[in-house]
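In what follows, chains are A, B, ... by sequence order, proteins preceding strands, each numbered from 1.
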Amino acid sequence: MAKQLTSRKEDYSKWYNELVIKADLAEHSAVRGCMVIKPYGFAIWEKMKAQLDKRFKATGHQNAAFPLLIPKSFFAKEAKHVEGFALESAVVTHYRLKNQGDGNIVVDPDAKLEEELIIRPTSETIIWNTYKNWIQSYRDLPILINQWANVMRWEMRTRLFLRTAEFFWQEGHTAHATKEEAMEEAKLMQKEYADFMEGYIAVPVIRGTKSESERFAGAEETFTCEGLMQDGKALQMGTSHFLGQNFAKAFDVKFQTKEGTLEHVWATSWGVSTRMMGALVMAHSDDEGLILPPKLAPIHVGMVPIYKNEEQLNQIREKFQHIGAQLSNANITFKIDDDDAKRPGFKFAEFELKGIPVRLGLGPRDMENGTIEVARRDTKEKSSQPIENIATHIEGLLKEIQTSIYKKADDFRKANTTTVSSYDELKEVVDQGGFAVANWDGSTETEDKVKEETKATIRCIPNEGGEADGDCLVSGKAGKHKVLYAKAY
RNA sequence: CGGGAUGUAGCUCAGUUCGGUUAGAGUACACGUCUGGGGGGCGUGGGGUCGGAAGUUCAAAUCUUCUCAUCCCGACCA
């Protein structure tokens, strides 16, 4: 069979690309840098969405939808924002095509737009332009809105899920009367993200604050969730920004306080994207294929009948359906693969490639003994279990798998997080992959120097343990924070 | 955007240097058959105009130019 994946050890990057395609998560489209998310991949994304959406609503947010296109002039209003996105903006300049007559369709030069429109790379500007009309008084605040949308950033180098020109995400945009409240909101969303990533994607994340140079364009503070992938590179999985009054000032959004004064509104924005799909793949999977945490797996249990003739198949299928009914009662999803054109070994491999957490094998031998073969994807362990109450066994097993996957990722992260005591050691650690924890003098110069010499960046100042306890390893100056350095995606 | 590589059947690739009958293989697919506890065996069959466009030529997958896309390195990256 030609389905063998390149191993992680041989070429991690190739392994990732092949796995995303072979496991049917996504594929390249005809458009540069834009992917097609296939049904299996989208089903996982939908599970992520459902859980996040629930959390957003539980914390008081509502969904809304804003336009895909943003007038160019809006970007000019916030200086840092435009600087951050100018180089990757897709621009709409015309609104009509015309047939030249010889079958060639051309852009109609007479249909040039008065003002060009930018395909949103993020929606702060159009949203703040809208909020201006919604906010007059302190009674109109806070505004807590989220939108599920696609955005476009014309990236130079793209990779499926990790960095695509078009990607799907959610972006929360909130408006508050006080700085404290906005800050609270930004931190709350970081916590919601981190809890989701750890509890569902089963990837432990470092919660921290970005250094100035890594901050979102237009933010005063960026809170991040940093994950560590199997190749030792860090991945920014989600960010939440305290925007201060920058956008309120840029779009002149003021409100009247209880005391009658006029003040600018305080803002936050926060987002997670389909990039989390990349994290899911890179954090857990192995050379046989995906390993999905049960909480996000579209199919929990794959069932493979083993038979010699139709009579046996019918008996086994009936048994599977019976088990399936019990699983459904426990909200466990399953698939019976009774495709006669494929043999059992093929189906085993296929379920492994797709990362289905539990596989059941049932044949004449089991039928006689009243047992069933249960295989778990993450550890590849197989055991023979009594067929009675198998649903209960599986329910427990799925929980165990969820915990076990997280623990494995957490152990990996711990094993690859090193507190370093010299610049040489820092270089060594980031070079072999992983987080290097070190004191930093707080200067951009130091950060730039490390980046140039090691290709590692400051991933964040961690929320816990971010206090300096010594001098900066690079400059020798007094340490301002204790930070995590790593090479990143 | 700079450097390098690639693009031929659904997929993986040979053929391109030195243009020359109806463009090949493996795999996948369809049908038949024997099978069936880790990616099956045998047989038959369908499928591509060689990423796209223009050019050179009696003749182009093969040469030239342009263009699109993907991968790797670099720069960039909320």
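Ring geometry, A:F242 versus A:W266: the interplanar angle falls under 30°, so the pair is classed parallel (tilted spans 30 to 60°). Below 30°, between 30° and 60°, or above 60°: for A:W169 and A:F167 the angle between ring planes is above 60°, a perpendicular geometry. A perpendicular orientation is assigned to the rings of A:F42 and A:F168, their planes being inclined by more than 60° (bins at 30° and 60°).
Rounded to the nearest Å, the gap between the P atom of B:U12 and that of B:G19 is 30 Å. Rounded to a whole angstrom, the distance from the C1' atom of B:G51 to that of B:U6 is 11 Å.
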Worksheet item: Hey, mind stepping through A:W154 and A:R32 against side chain to side chain contact (heavy atoms under 4.5 Å, CB included) and telling me if it holds?
Response: CA-CA 9 Å; A:W154 210 260; A:R32 196 206 95 105; 3.7 Å; yes

Item to complete: For each nucleotide in nucleotides 2-10 of chain B, reading 5' to 3', give B when a protein heavy atom comes within less than 4.0 Å of its base, S when such contact involves only the sugar-phosphate, and - otherwise.
Response: ---------

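Of the residues near RNA chain B, A:R163 and A:L160, the one whose nearest nucleotide (by heavy atom distance) lies more toward the 5' end is A:L160. Toward the 5' end of RNA chain B, the nearer of the two residues A:R159 and A:E352, judged by each one's closest nucleotide, is A:E352.
Using N1 to N3 plus N6-O4 or O6-N4 for Watson-Crick, or N1-O2 and O6-N3 for G-U wobble, each under 3.5 Å, B:G26 pairs with B:C11. The partner of B:G36 is absent, by the rule that a Watson-Crick or G-U pair needs both atom distances under 3.5 Å. In this structure B:C71 sits in a base pair with B:G4, meeting the Watson-Crick or G-U test at under 3.5 Å. Shown here, B:C58 forms a base pair with B:G20; the pair counts as Watson-Crick or G-U wobble because both key distances fall under 3.5 Å. Base pairing annotation: B:U49 forms no Watson-Crick or G-U wobble pair, as no partner gives both donor-acceptor distances under 3.5 Å. Taking a pair to require two hydrogen-bonding distances under 3.5 Å in either a Watson-Crick or a G-U wobble arrangement, B:G43 pairs with B:C31.
Taking only side-chain nitrogens and oxygens, A:K455 comes nearer than 4.0 Å to OP1 or OP2 of B:G74. Remark: A:N17 is in phosphate contact with B:C72, judged by side-chain N or O atoms under 4.0 Å from OP1 or OP2. Distances shown here put a side-chain N or O of A:R157 below 4.0 Å from the OP1 or OP2 atom of B:C73.
Here A:S13 lies in heavy-atom contact (under 4.0 Å) with sugar-phosphate atoms only. Heavy atoms of A:G238 sit nowhere under 4.0 angstrom from any nucleic acid atom. No engagement by A:G84 is indicated, since no non-hydrogen atom pair under 4.0 Å with the nucleic acid exists. Among the heavy atoms of the strands, none lies under 4.0 Å from A:P121. Residue A:R359 is in base contact, counting any heavy-atom pair closer than 4.0 Å across all strands shown. Residue contacts for A:D11: at a heavy-atom cut-off of 4.0 Å it reaches no nucleic acid atom on any strand shown. Looking at heavy-atom distances under 4.0 Å, A:T222 makes no contact with the nucleic acid at all. Looking at heavy-atom distances under 4.0 Å, A:F167 makes contact with a base.
Among the nucleotides B:G37, B:G38, B:G36, the one closest to any side-chain atom of A:R365 is B:G37. Of the candidate nucleotides B:G37, B:C76, B:C29, B:G37 has the atom lying nearest to any side-chain atom of A:E373. Here B:C77 is the nucleotide among B:C77, B:U35, B:C72 with the atom lying nearest to any side-chain atom of A:E155.
By the 6.0 Å and 45° rule, A:K249 does not stack over the aromatic ring of A:F247. In this structure, A:K9 forms no cation-pi arrangement with A:Y12, as its terminal cationic atom is not both closer than 6.0 Å to the ring centre and no more than 45° off the ring axis.
A:K382 contributes a side-chain N or O that forms a donor-acceptor pair with the base of B:G38 under 3.5 Å. Side-chain atoms of A:D366 and base atoms of B:G37 include a donor and an acceptor less than 3.5 Å apart.
When rounded to the nearest whole Å, the span between CD of A:E288 and P of B:G39 equals 13 Å.
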Tabulate protein N/O versus nucleotide N/O from nucleotides 43-46 of chain B, keeping only pairs under 3.5 Å, one per line.
none

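With ring centers used as reference points, A:W128 lies 6.0 Å or more from A:F66.
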